[in-house]
Number of protein chains: 2
Amino acid sequence: MEAKRPTLEDVGRAAGVSRATASRVITGAHRVSEPTRNRVWRAVEQLGYHPDLAARALARGRNDVIDLIIIDEDAGQVGSNPYYSRVVSGILSALAGTETQMRTHVIDEPEAPTRLDDVARIVEVGALLINVPPELAARFSARCDRVVSLGLSAPHVPSIEAENAAGARAAVEHLYRTGRRKVVAVHGKPNNSCATGRRSGFASASIDAGHEPIGAEGGFCLEAGVTGTQQLLADHPDLDGIFAACDLTAMGVLRALNESGRRVPDDVALVGFDDSFLASVATPAMTSVRQPVEHMAAMATRALLADETGPSWHRVEPAPLQIRRSSAA
Amino acid sequence: MEAKRPTLEDVGRAAGVSRATASRVITGAHRVSEPTRNRVWRAVEQLGYHPDLAARALARGRNDVIDLIIIDEDAGQVGSNPYYSRVVSGILSALAGTETQMRTHVIDEPEAPTRLDDVARIVEVGALLINVPPELAARFSARCDRVVSLGLSAPHVPSIEAENAAGARAAVEHLYRTGRRKVVAVHGKPNNSCATGRRSGFASASIDAGHEPIGAEGGFCLEAGVTGTQQLLADHPDLDGIFAACDLTAMGVLRALNESGRRVPDDVALVGFDDSFLASVATPAMTSVRQPVEHMAAMATRALLADETGPSWHRVEPAPLQIRRSSAA
DNA sequence: CTGTTAGCGCTTTCAG
DNA sequence: CTGAAAGCGCTAACAG
């Protein structure tokens with residue numbers, strides 16, 4: 001049953017050439033004659049040959065693997081964050097057709113420093129950092145270039161992020177343009193670079209619209225949305241538009257609004273950030289600033305594969321507004 | 001900078017033993033004397049030695065990798081399904097502390113047959129099948145034992161699933177017990193084993209409660225929930241309880257109810273299935289039958305690691321009801 | 001253009 | 001209990 005997998009030697013024999021030549025055609029080196037190449041490929045087909053990745057890795061001294069590194073307060077919670085699976089999806093799509101694989105490390109917040117050092121040592125093609133705070137990212141990147149942070153990080157850590165400020169600005173402008181009078185915000189944590197970008201975009205757009213920025217401290221979670229909104233409602237009962245730091249927060253806002261008896265969008269318009277599937281699943285469907293997570297993860301992956309990252313590699317991707325019912329005029 | 005990683009040879013030298021002995025202590029073979037063992041471990045610490053996985057894989061003839069195989073109608077969509085990330089989370093938690101890694105394959109529906117054959121050939125420790133239809137799973141398992149399907153599959157394919165029927169039954173009983181008079185369902189696709197289990201649980205519980213089972217065909221997606229509910233509402237305006245095949249479907253139900261002007265739970269009570277984070281994020285928070293996805297994925301992973309799967313390996317895990325606001329009396 | 005020859009770092013008989 | 005030696009399957013000089 002368990003027939004042994006064919007090796008390069010077998011392929012060579014079947015094609016009447018040496019193992020080395022077979023290797024050359026398979027790895028795409030072009031120092032091989034047309035007819036030989038054909039014979040080798042035919043043998044490959046025939047035998048159903050697939051290279052042994054471990055052997056190749058050992059011989060090349062490098063394993064074709066991209067490391068995805070996620071820090072989470074509670075590793076068990078990763079399942080409930082739509083962001084992560086979008087990242088995975090993006091990486092995988094960039095890897096499709098490549099021999100390169102993705103390796104996932106989910107690290108508990110407390111053990112992050114140690115584990116990160118361990119992982120830095122074994123990175124091969126490159127690593128994507130998700131939710132790794134700037135200090136740790138800087139430390140990681142000192143041990144291992146070939147790294148990209150999703151979201152702005154420490155200065156010399158290569159990164160790719162969405163236009164957080166511009167996206168938030170667009171959201172606020174949209175709300176005022178469609179007739180809202182008092183737009184407030186539930187922000188993210190102050191130490192999160194994405195959150196601060198959105199916060200400043202909100203602030204400047206508010207000022208430009210002739211309003212003083214009003215916002216509640218929050219976080220990228222449901223509870224923050226709920227309590228933030230309750231407080232805003234108490235302090236500013238006349239608010240009629242809310243910008244939430246992310247979709248999850250926005251779901252909390254939605255709940256608090258519902259519980260306070262206000263209707264969305266009739267009484268209060270709502271805009272989230274991320275445009276994750278939560279936005280389309282919410283009732284009413286939620287207007288949200290689209291963060292092209294899959295695309296950013298794919299870009300980062302491709303940059304890593306092409307080895308074109310470096311301390312000055314930084315990308316900022318557009319974050320267009322997706323308009324849905326929750327902000328209907 | 002880029003100091004070469006220490007090898008077993010280095011460790012051996014530092015400990016004053018041969019490479020072979022060093023290997024023995026590290027792999028846990030116990031044919032080594034206490035003092036020698038200690039010296040080797042000390043050398044390991046000191047040098048910060050970590051085994052080269054590729055070399056080990058080559059020497060052992062087996063790579064310590066678990067393959068996660070997901071089929072999706074549209075590989076780009078994987079990012080928007082909370083189920084997948086729960087699976088990943090479960091696998092990773094079972095792998096924590098092991099040298100074993102997880103490898104992810106997302107396969108587009110149309111290329112499934114081919115790609116599946118390719119993957120079956122390279123499976124090492126074992127593979128987890130997600131959303132792989134029975135025929136394909138059977139074919140896969142013919143090429144490679146060491147596989148577990150998440151969700152019931154073809155007869156001889158090892159599988160682990162939740163108590164779908166019992167869970168659905170509990171949901172229906174709960175609704176009638178808390179005073180509802182007419183409980184209907186939005187089902188999943190008839191060719192999905194989880195969906196059919198829930199469907200039959202719904203049916204038998206309805207009958208036991210003295211009602212004829214009423215349900216709409218649907219699917220595990222938002223749209224199915226919306227249209228299914230609209231139809232049910234049209235045919236049975238007096239319904240006051242809905243059981244949805246999964247949380248995503250339930251979100252659709254919620255939307256349709258809202259748009260029809262019914263309030264949840266006052267006019268209609270709603271119960272979903274999965275108890276994914278969607279359930280807690282919905283407004284109102286949703287009662288849902290908990291499918292212990294992380295736990296099931298972890299169990300499957302552990303069984304694969306221990307090599308205790310086989311054609312008759314089947315597990316059924318309890319699916320307890322999580323009661324929340326959407327079904328409040 | 002192609003074959004020969006060394007290893008990559010580790011595990012695993014086989015002797016001692 | 002420990003060392004020596006033979007590969008695992010592949011790539012990469014180095015010759016021809």
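Letters A, B, ... are given to chains in the order of the sequence lines, protein chains preceding strands, and every chain is numbered from 1. Treat the numbers as computed from the prediction; the structure is a model and nothing was measured.
- In this structure, CG of B/L58 is placed 7 Å from P of D/dG9, rounded to the nearest angstrom.
- The salt bridge (Lys or Arg N to Asp or Glu O under 4.0 Å) test applied to B/E135 returns no partner, not counting sequence neighbours.
- Across A/L92, A/L150, A/V106, A/L128, a single residue satisfies side chain to side chain contact (heavy atoms under 4.5 Å, CB included) together with A/L68, and that is A/L128.
- Put simply, CG on A/N63 is 17 Å from P on D/dG9, counting in whole angstrom units.
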Discussion item. At under 4.0 Å between heavy atoms, how does the protein contact nucleotides 10-16 of chain C? Give one character per nucleotide, 5' to 3', with B, S or -.
Written reply: BBBB---
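- Atom CZ in B/R62 sits about 23 Å away from atom P in D/dG7, given to the nearest Å.
- When the shell of 6.0 Å around NE2 of A/H314 is examined, it contains more than 12 heavy atoms from other residues, nucleotides or ligands.
- Residue A/I69 is tested with A/L136, A/N131, A/L129 for a side chain to side chain contact (heavy atoms under 4.5 Å, CB included); the sole match is A/L129.
- B/V87 has its side chain within reach of B/I130: a pair of non-hydrogen atoms, C-beta onward, lies under 4.5 Å apart.
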